[in-house]
There are 2 protein chains.
Amino acid sequence: MALPNGPVATSSEVEAVLFDLVDVYDRAYEAAAAELSLSPAQACVLGRLDERRGMGALAEELGCDASNITQIVVRLEALGLVTREPDPRDRRGRLVARTTRGDEINQRFATAFTFARTAVARLSAAEQDQLTALLRKALG
Amino acid sequence: MALPNGPVATSSEVEAVLFDLVDVYDRAYEAAAAELSLSPAQACVLGRLDERRGMGALAEELGCDASNITQIVVRLEALGLVTREPDPRDRRGRLVARTTRGDEINQRFATAFTFARTAVARLSAAEQDQLTALLRKALG
DNA sequence: AATGATGCTTGATTCGCTCAAGTAATTCGG
DNA sequence: CCGAATTACTTGAGCGAATCAAGCATCATT
């Protein structure tokens, strides 16, 4: 399991609970991926393929090197969750798309990653709106 | 940079902003560590050494294998940020403690990781209390 | 004193991530 | 239309994080 990101010394209560949230979220994500024998990175990429798209688009959206995406996609392809076809419009490019099995696994992952859903469900509709507003404001 | 953890398909607005928060938090943590040439894991371990403690205690608190901690501590030691002395009470154990330089770097990291601090600062005291309460409730 | 548990390290392996180079295809300037 | 940059991606090398299986030394128990 990945080490948590924080805290050095939580100066306030809010910061502490914020850290807690991030930690629990990250661990839940990782655990959900592990249930399906996926790494978090694999689950992430798989989740971004609702439409077929090029490697570069993925790399840019995920803010990492293209070669990183190559590796992850190669593994997803080896697992039969993804295909990589040449782009007819630009034969340099490769279009990545989920296979039916990829769709299925992605769906199962979405089901397994209950954290955000159940956390939100503990709040009333009004509270959810409040939380959204507060976090938006905090994020600036 | 590490790939984000999410989203498959954000079903609600709250979930989306929650994901955003986690993503920005994680990236900020990583960036702050990188400023000091530390990996997130190294920054994390360094931050847990306000008091000297054994490897096992660290592993348990961080929820990972002891051998993982060994590696990270070895690197921190090589960087001169940490010492590893035999435990006089139990000579199997090794007590890890920050060096003065380790203290300094840890302090600088705390300064560099502004995200939680500045996010919270955008809220009034009342809003901070609200947010704390909401997140606590959501975390269950 | 022997047996077993504990605390940590080592070695092997996998994955994520980055950087530097390389290849192929496209675009652009002349 | 041709050569030069640019773009899209892959490959290879290298590092850190993480896990697992073994191993070693040191307690702790009987």
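Here the structure is a predicted model, which means the values were calculated and not measured. Naming: A, B, ... by sequence-line order, numbering from 1 per chain.
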Contacts of type ring pair (Phe, Tyr, Trp, His ring centres under 6.0 Å), residue A/Phe109, not counting sequence neighbours:
A/Tyr29
Separation of B/Asp90 atom CG from D/dA28 atom P, in whole Å?
7 Å
Quick one: is D/dA17 close enough that its OP1 or OP2 comes under 4.0 Å of any side-chain N or O from B/Arg75?
yes
C/dT9 phosphate, OP1 or OP2: any side-chain N/O from B/Arg84 under 4.0 angstrom?
yes
Integer-rounded Å distance: D/dG16 P and B/Asn68 CG
13 Å
Which residue, B/Ser39 or B/Pro88, contacts DNA chain D at a nucleotide closer to its 5' end, judged by nearest heavy atom?
B/Ser39
B/Ala41 side chain: which of D/dA17, D/dT7, D/dT26 is closest?
D/dA17
Specify the separation, in whole Å, of atom CD of A/Gln71 and atom P of D/dG12.
12 Å
Distance in angstrom units between B/Leu58 CG and D/dA18 C1', rounded:
16 Å
Can you tell me which nucleotide in C/dG16, C/dT26, D/dC9 comes closest to the side chain of A/Met55?
D/dC9
Taking the inter-plane angle between the rings of A/Phe19 and B/Tyr25 on a 0 to 90° scale, is it parallel (under 30°), tilted (30 to 60°) or perpendicular (over 60°)?
tilted
Electrostatic pair A/Arg136:B/Glu13 at N-O distance under 4.0 angstrom:
yes
B/Arg91 side chain near C/dC8 phosphate (N/O to OP1/OP2, under 4.0 Å)
no
Atom pair distance, as rounded to whole Å: CG in B/Asp65 and C1' in C/dT6:
14 Å
Mind calculating the distance between CD (B/Glu30) and C1' (D/dG16) to the nearest angstrom?
12 Å
For A/Ser67 and for A/Leu3, find the nucleotide of DNA chain D with the closest heavy atom, then tell me which residue's nucleotide is more 5'.
A/Ser67
I'd like to check the side chain to side chain contact (heavy atoms under 4.5 Å, CB included) partners of B/Val24; sequence neighbours left out, ordered by chain and number.
A/Leu139, B/Phe115
A/Leu81 side chain near A/Asp103 side chain, heavy-atom distance below 4.5 Å
no
Output yes when at least one side-chain N/O atom of B/Thr70 is less than 4.0 Å from OP1 or OP2 of C/dT9, else no.
yes
At less than 4.0 Å, is any side-chain N or O atom of B/Arg94 found next to OP1 or OP2 of C/dT9? Yes or no.
yes
